[in-house]
Amino acid sequence: MKEFAFSRASRLRLEKEFEAVFAAGKKTVTRELVAWHTRGGGKEKKIGLMVSKKTGGAVERNRLKRLLREAFRLTRKELKEGIRLIIYPKAGCAVKNLAQARQELETLRQKARLDNDGKEERS
RNA sequence: GACCGCGGAUGGAGGGCCGCUCUUCCGCGCAAGCGGGGGGGAGGAACUUCCGAACUUCACAGGGCAGGGUGCCGGUUCAAAGCCGUUCAGCGGCCAUAGGCCGGGAGGCGGGGGCUACAUCCCCCGUCGACGGACAGCGCCACAGAGAACAUACCGCCCCGCAAGGGGUAAGGGUGAAAAGGUGCGGUAAGAGCGCACCGCGCGCCGGGCGACCGGCGCGGCAGGGCAAGCCCCUCCUGAAGCAAGGCCAAAAUUGCGCCUGGAUAGCCCGUCCGUCCCCCUCCGGGGGGAGGCGCAGAGUGGGCCGCAAUAGAUAAAUGGUCCUCCAGGUCCCGCAAGGGGCUGGACAGAAUUCGGGGUACAGUCCGCGGUCUGAA
RNA sequence: GCGGGCGUAGUUCAAUGGUAGAACACUAGCCUUCCAAGCUUGUUAUGUGGGUUCGAUUCCCAUCGCCCGCU
């Protein structure tokens, strides 16, 4: 498994998976993001993104999702194994580029204490 | 030449690294999948969902009603879809009373000109429009005004009367978006299509035009307000819903039917040993019911596949992120200038069954048309 | 993807085609030692652009924004 790969296994894809995170997970809120997170089985770290229509048009929403997905992809090894994470940018989210996306994700990681606890999954 | 408006075209280029999706080939793996190589991967509007077509399911003898839509005339334009024909790929034909485009006709509004002047009328220019019907019926026309829809008489004018008042009248004034067509002459007590001429209006005939309509002649003294993007009447069109259409596969649980009843030994069978759930009946052989297991069937949930790809084909939904170079463009600095350098920097917007048309958004560049200002001749 | 609906003061709502109102809020004044309450007064709006009409919040068309429903 390559370090920066982002295949379907890294995404939450089913209604059930989302429901499970909402039901069992904790909610953490930062300046720009709302996140639900829990630990599931296996080592795979999965992310799901929700962007409200109030954020803007399709172009803007896609851009936001791509930036957050890219930030997750690049900093994934910092996260706990088996993490299930749902990220929901608040309406009027100020994230406009990759640096801000990474910054927000790091803030979230620290606030929710989702750092990898040492058992490095060295590829 | 500058600026503005409208219409059209175009919708930055190349590369490195890390990723996504589809497809194909190779290798590994029981499989899920993993690794590697090749190839494809947003738009003129993909936006909007305003029209129409294909496609799908349901409904359907025939006719009508209701409902929805449509509305001057002529020409033209139509699909990488679909259907038909022919054919090797290709060609031809059919289908859109929706829309688009071009031209025309009556009409409204604004401006200019003409008939000496006003009004009407005529001509020209610009502009607007869903442009059948107001003697089929119903409804509504606020305020103002005397009167607003089988009209009316305030100030007036005329006659009678000393006056009060009575009668005639609809020219003039005034109100209004709209008040028994307009101008002139005659006529009259004063007036009035009361009479006449011209214009307007209605009807008929003739002529022109494919047609909407237009022109001419004759007749009628003039009927009668506006609104149908109010209800409505007439013409013509119209079965309904939409890919969340629709079709298929099919866990778990449930329902029905059938069969069977556990464990150890063992690769399997026989055999042997231990055990044999609950309730009822019993002639002690057994029978019935429940529970459990297995199989089959029905329906079809979660889920999946098809629909869904003639150069994208996903399904929490790919087509990206970042860096470098160049090219437009903007701005600042140096320079008399040519030029040089720094910083910045590319709009509107992203497929979800497909196709055609309309509408709307749009940086910069280019082209065309129009307007305003300025300059030269 | 499809089908419906709604846009009126700062807010919540009215208005047969005929001067756009009400409540709360806000401004000013009165009252009170002051505040609140009360009384009086005033300001503010038809999403935008066209069309029909003498006249449009209302009718029609386009556009923009918002809301709801359908697996």
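Proteins get letters first, then strands, A, B, ... in listed order; numbering begins at 1 in each. Just so it is clear, the structure is predicted and the values come from calculations on it, not from any experiment.
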Report summary line: Using Watson-Crick geometry (N1-N3 plus N6-O4 or O6-N4) or G-U wobble (N1-O2, O6-N3), each under 3.5 Å, B/rA153 is paired with none

Query raised in the report: Which pair of heavy atoms, one from A/Phe6 and one from A/Arg69, lies closest together, and at what distance?
Result: CE2-CD, 3.1 Å

Report task. Find the distance A/Leu14:CG to B/rG302:C1' and express it as a whole number of Å. Result -> 11 Å

Query - B/rA32 versus B/rU24 - spacing of their P atoms, nearest Å - result: 15 Å

Requested in this report: Decide, for B/rA42, between syn and anti: a glycosidic angle within 90° of 0 counts as syn, anything else as anti.
Outcome: syn

Report summary line: Under a 3.5 Å limit on both distances, the Watson-Crick or wobble mate of B/rC296 is B/rG256

Report task. Mark this stacking check for A/Phe18 against B/rA316 as yes or no, applying ring centres under 5.5 Å and ring planes under 30°. Result -> yes

Query - Comparing A/Glu60 and A/Arg13 on RNA chain B - which has the more 5′ nearest nucleotide - result: A/Arg13

**Report entry** Which residue lies more 5' along RNA chain B, comparing A/Lys65 with A/Asn62 via nearest heavy atoms
**Finding:** A/Lys65

Report task. Taking all non-hydrogen atoms of both residues into account, name the closest pair between A/Thr30 and A/Lys90 and its distance. Result -> O-NZ, 3.1 Å

Requested in this report: Step by step, work out the side-chain contact (heavy atoms from CB on, under 4.5 Å) result for A/Thr28 and A/His37.
Outcome: CA-CA 8 Å; A/Thr28 304; A/His37 47 88; 2.8 Å; yes

Query raised in the report: Taking O4'-C1'-N9-C4 for purines and O4'-C1'-N1-C2 for pyrimidines, is C/rG29 syn (within 90° of 0) or anti?
Result: anti

Report task. Kindly point out which of B/rG321, B/rC20, B/rA316 is positioned nearest to the side chain of A/Met50? Result -> B/rA316

Query raised in the report: Below 4.0 angstrom from OP1 or OP2 of B/rU315, is there any side-chain N or O of A/Arg11?
Result: no

Query raised in the report: Distance between the C1' atoms of B/rC219 and B/rC125, in whole angstroms?
Result: 39 Å

**Report entry** Between B/rA148 and C/rU48 - C1' atom distance, rounded Å
**Finding:** 37 Å

Report summary line: Pairing partner of B/rU56, by Watson-Crick or G-U wobble and under 3.5 Å for both distances, is B/rA241

Query raised in the report: Has the side chain of A/Arg66 got a donor or acceptor that lies under 3.5 Å from a partner of the other kind on the base of B/rG350?
Result: yes

Report summary line: Taking a pair to mean Watson-Crick or G-U wobble geometry with both distances below 3.5 Å, B/rG320 pairs with B/rC18

Report task. Quickly work out the A/Arg63 CZ to B/rA318 C1' distance and round it to whole Å. Result -> 17 Å

Requested in this report: Counting Watson-Crick and G-U wobble pairs only, both distances under 3.5 Å, name the nucleotide matched with B/rU276, or none.
Outcome: none

Report task. Identify whether the distance between the nearest side-chain nitrogen and carboxylate oxygen of A/Arg63 and A/Glu60 falls below 4.0 Å. Result -> no

Report summary line: Using Watson-Crick geometry (N1-N3 plus N6-O4 or O6-N4) or G-U wobble (N1-O2, O6-N3), each under 3.5 Å, B/rA32 is paired with none

Query raised in the report: Who is the Watson-Crick or G-U wobble partner of B/rC217, with both distances under 3.5 Å?
Result: B/rG204

Query raised in the report: What is the glycosidic conformation of B/rG193: syn, defined as within 90° of 0, or anti?
Result: syn

Report task. Output yes when A/Glu17 and A/Arg84 qualify as a salt bridge under the 4.0 Å nitrogen-oxygen rule, no when they do not. Result -> no

Query raised in the report: From B/rG350, B/rC20, B/rG304, pick the nucleotide closest to the side chain of A/Val59?
Result: B/rG350

Query raised in the report: Which nucleotide, in any strand shown, forms a Watson-Crick or G-U wobble pair with B/rA192, with both distances under 3.5 Å?
Result: none

Report task. Taking only the side-chain heavy atoms of A/Glu70 (C-beta and beyond), determine which of B/rA351, B/rA349, B/rG321 contains the nearest atom. Result -> B/rG321

Requested in this report: Kindly point out which of B/rG321, B/rG19, C/rC67 is positioned nearest to the side chain of A/Lys54?
Outcome: C/rC67

Report summary line: From the candidates B/rA316, B/rA349, B/rA318, the one with an atom nearest any side-chain atom of A/Arg69 is B/rA318

